[in-house]
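Below is one structure, written out as structure tokens; the observations come after it.
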Amino acid sequence: MSSAPQSALSSEQRGVAADSAALTDAQPVAFRADIDTVRLFAANLRRLGRVSEGDELERLGEQEKELGVTMRFGEALQFAMTHHRLGNKKQAETIYRALLRVDRDHPRANHFFGVLLHQGNRTLDSLRHLRRSMEQLADRAWAWNNLGNVLKEDPATLAEARDAYETALRLAPDYPEAHNNLGVVFERARRFEDALRSYKRATELKPDYYEAYYNLGHLCVVVGQIEEGVTALSHSILLNVGGAREARVLLAHAHRRIGEPEKALEIIREWMKTEPDDPVARHMLAAHSGDSPDRATDAYVVATFDKFAESFDARLSMLGYRAPQIVAEALAEAHPDGRSFGVLADAGCGTGLCGPLVRERCERMIGLDLSSGMLEKAEARGYDELHEAELTAFLGERPATFNSVISADTLCYFGEINEFARVAFSSLRPDGVLVFTVEALEGEEGAGFRLEPHGRYRHRHDFVEQRLREAGFVIETIRRDTLRKEDAKPVEGWIVTARRPA
């Protein structure tokens, strides 16, 4: 029996050896290992019975914080994939790049690096690596499925995503994930009957596939097949009791759609019994019980938007989302003759959809949002700075800093906006401009805002105007427009432009 091959780690002139349990390629790969990777090596050594070497390696890692590593190609690929799965994207990227320096055409290194780049919103680079990998992985259904997952996020490549999933299904006709993902593509292309068939096929092939049941239930509600939607959503919840926020919210919504508000409230109350500290459950209880707290909690916003970061842009595209374009147009109208927007704060920037629309006329563009998942997506959209922060605190700490403040579809999570108006005013320089959207509330004399069962607030025109004037703003325009669609109906909003006097 031959001895196990070895990998060398070094810190400056010192080296410690570590065995690999499974090597697939003898080519050496060199990279810098962070402390988490060093700990994985040390744990592996201890599992092999080489406790003292593992302890020494970890001691060196703790001292140096980073070690030079040389290991066999196959082992390095496994380490990259392990870090990738664990969410340590920076170290995974370091190792993938080192692998591709050794073999630029390696199919799996290219493929999984492409997946990682997509997760970091670097889609063009992602597709370059994925397509290179497909030259050697064209007979692997899972590879076509992964390629489709990247392509489906961009409306321009939706048809190519469909082709990828259909290729996966020709290779593996009973591949439930590919059926479900093809359903998503059909739904985004508004081919609802095809989407329903795909979702149903996925659930037939994988009876415990709660994501497919959720997608089926969601689409049934959208197209008005409410009873079928209730059944599928209920099944999704039973399969994933501890991770069924969206299904519970949508199930309650479905019951309200068919005139059963008490049943909707019962669903939320049952949810509260099982997860009393869930911020989404608490917010939805207020929404369905007719209560209107002054604003949604930070925890609710983070829980809601971190979950949707990956698919947020594609979902909004399906809803005909217009708020960023409307805000950009209003900001341009407030700066005639091509005048600069100066230093701009995008308050509640999300994935950065406003960024490319206003970037060219900004001296600096600063985005802020509570959701780290959203901010990851915004990184590729031209911001000079991105901050994970609550917007009133952020603006309140920066007096007379900005020439422009914009906020597209963020204040629908605020009821009372007096604090926002106050800090927005203080953060603007003289003659600075504020542009934002809120959803429109009409016909409720005395009620300035109302929390709706879907979890967002609506505001009255005169309430918004009053709060801005109290803060010191001069109102330039408050006009009505359609922000997006929901349940196939337009969502009307106020587009507000106000100025701090010079």
Side-chain angles (χ1 to χ4, degrees), residues 5-12 15-18 20-44 57 60-61 64-138 140 142-143 145-147 149-151 153-154 309-310 372-373 375-383 386:
Q6 295 196 329
S7 309
L9 291 85
S10 64
S11 172
E12 304 301 336
V16 178
S20 167
L23 298 181
T24 60
D25 194 321
Q27 290 178 280
V29 177
F31 60 91
R32 300 292 295 176
D34 65 16
I35 185 60
D36 291 328
T37 299
V38 171
R39 287 172 180 150
L40 283 175
F41 274 117
N44 187 51
L57 176 61
L60 285 173
E64 305 292 339
K65 301 304 179 186
E66 190 176 76
L67 294 177
V69 174
T70 300
M71 64 170 66
R72 305 288 179 89
F73 195 101
E75 184 183 23
L77 180 58
Q78 290 302 315
F79 263 88
M81 293 168 64
T82 297
H83 281 290
H84 193 165
R85 284 193 301 271
L86 294 174
N88 187 0
K89 296 178 181 178
K90 183 178 180 180
Q91 181 68 81
E93 179 170 345
T94 296
I95 305 174
Y96 283 135
R97 289 190 183 279
L99 289 162
L100 292 172
R101 283 195 295 271
V102 172
D103 182 356
R104 68 183 298 271
D105 295 319
H106 192 276
R108 289 180 185 250
N110 271 295
H111 192 87
F112 294 113
F113 185 39
V115 172
L116 180 75
L117 290 171
H118 171 63
Q119 292 168 345
N121 206 37
R122 291 174 282 178
T123 301
L124 290 178
D125 287 339
S126 166
L127 286 173
R128 179 167 55 85
H129 286 280
L130 285 168
R131 288 184 167 125
R132 178 176 292 170
S133 79
M134 297 310 297
E135 295 172 8
Q136 298 181 60
L137 297 175
R140 307 299 174 95
W142 57 263
N145 185 64
N146 284 343
L147 177 61
N149 288 343
V150 175
L151 293 166
E153 299 304 324
D154 185 348
E310 194 67 32
S372 60
L375 290 171
E376 276 190 34
K377 293 293 182 181
E379 285 179 356
R381 286 185 161 141
Y383 290 86
L386 287 169

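- Smallest separation of non-hydrogen atoms from Ala92 and Ala80: CB-O, 3.6 Å.
- Separating the CZ atom in Arg72 from the CD atom in Gln78 is a distance of 15.0 Å, to the nearest 0.5 Å.
- Every side-chain hydrogen bond (donor to acceptor under 3.5 Å, both in side chains) that His129 has, sequence neighbours left out, goes to Asn110.
- Residues Ala76 and Ile95 approach most closely at O-CG2, 3.3 Å, considering heavy atoms.
- Atom-to-atom distance recorded for Asn149:CG and Asn145:CG is 5.0 Å, nearest 0.5 angstrom.
- Between the OG1 atom of Thr94 and the CZ atom of Phe31 there is a distance of 8.5 Å, given to the nearest 0.5 Å.
- Considering CZ of Arg108 and CG of Leu99, their distance stands at 13.0 Å, rounded to 0.5 Å.
- Ring geometry for His111 against Trp142 counts as perpendicular: the plane angle is over 60°, on a 0 to 90° scale with 30° as the lower cut.
- Arg131 pairs by the side-chain hydrogen bond (donor to acceptor under 3.5 Å, both in side chains) definition with Glu160, not counting sequence neighbours.
- At least one side-chain heavy atom of Glu153 sits less than 4.5 Å from a side-chain heavy atom of His118.
- Within the 4.5 Å cutoff, no side-chain heavy atoms of Val115 are placed close to those of Val150.
- The two atoms that bring Gly114 and Ser126 nearest to each other are O-OG, 2.6 Å, heavy atoms only.
- With sequence neighbours left out, Glu376 forms a side-chain hydrogen bond (donor to acceptor under 3.5 Å, both in side chains) with Lys89.
- Taken to the nearest 0.5 Å, the CG atom of Leu117 stands 10.0 Å off from the CG atom of Leu127.
- In this structure, Leu375 CG and Tyr383 OH are separated by 9.5 Å, a value rounded to the nearest 0.5 Å.
- Considering only residues two or more places apart in sequence or on other chains, Thr82 meets the side-chain hydrogen bond (donor to acceptor under 3.5 Å, both in side chains) condition with Arg85.
- Scanning for ring-ring contact (aromatic ring centres under 6.0 Å, His included) contacts around His83 gives an empty result, with sequence neighbours left out.
- Inspection of the His84 and Gln119 side chains reveals an N or O donor paired with an N or O acceptor under 3.5 Å.
- Taking all atoms of both residues into account, the shortest heavy-atom contact from Ala98 to Val29 is CB-CG1, 3.7 Å.
- Pairs engaging residues 111-126 under the salt bridge (charged side-chain N to carboxylate O under 4.0 Å, His left out) rule: Glu93-Arg122, Asp125-Arg128 [sequence neighbours left out].
- When atom types are taken as modelled, the side chain of Glu379 and the backbone of Leu386 share no donor-acceptor pair closer than 3.5 angstrom.
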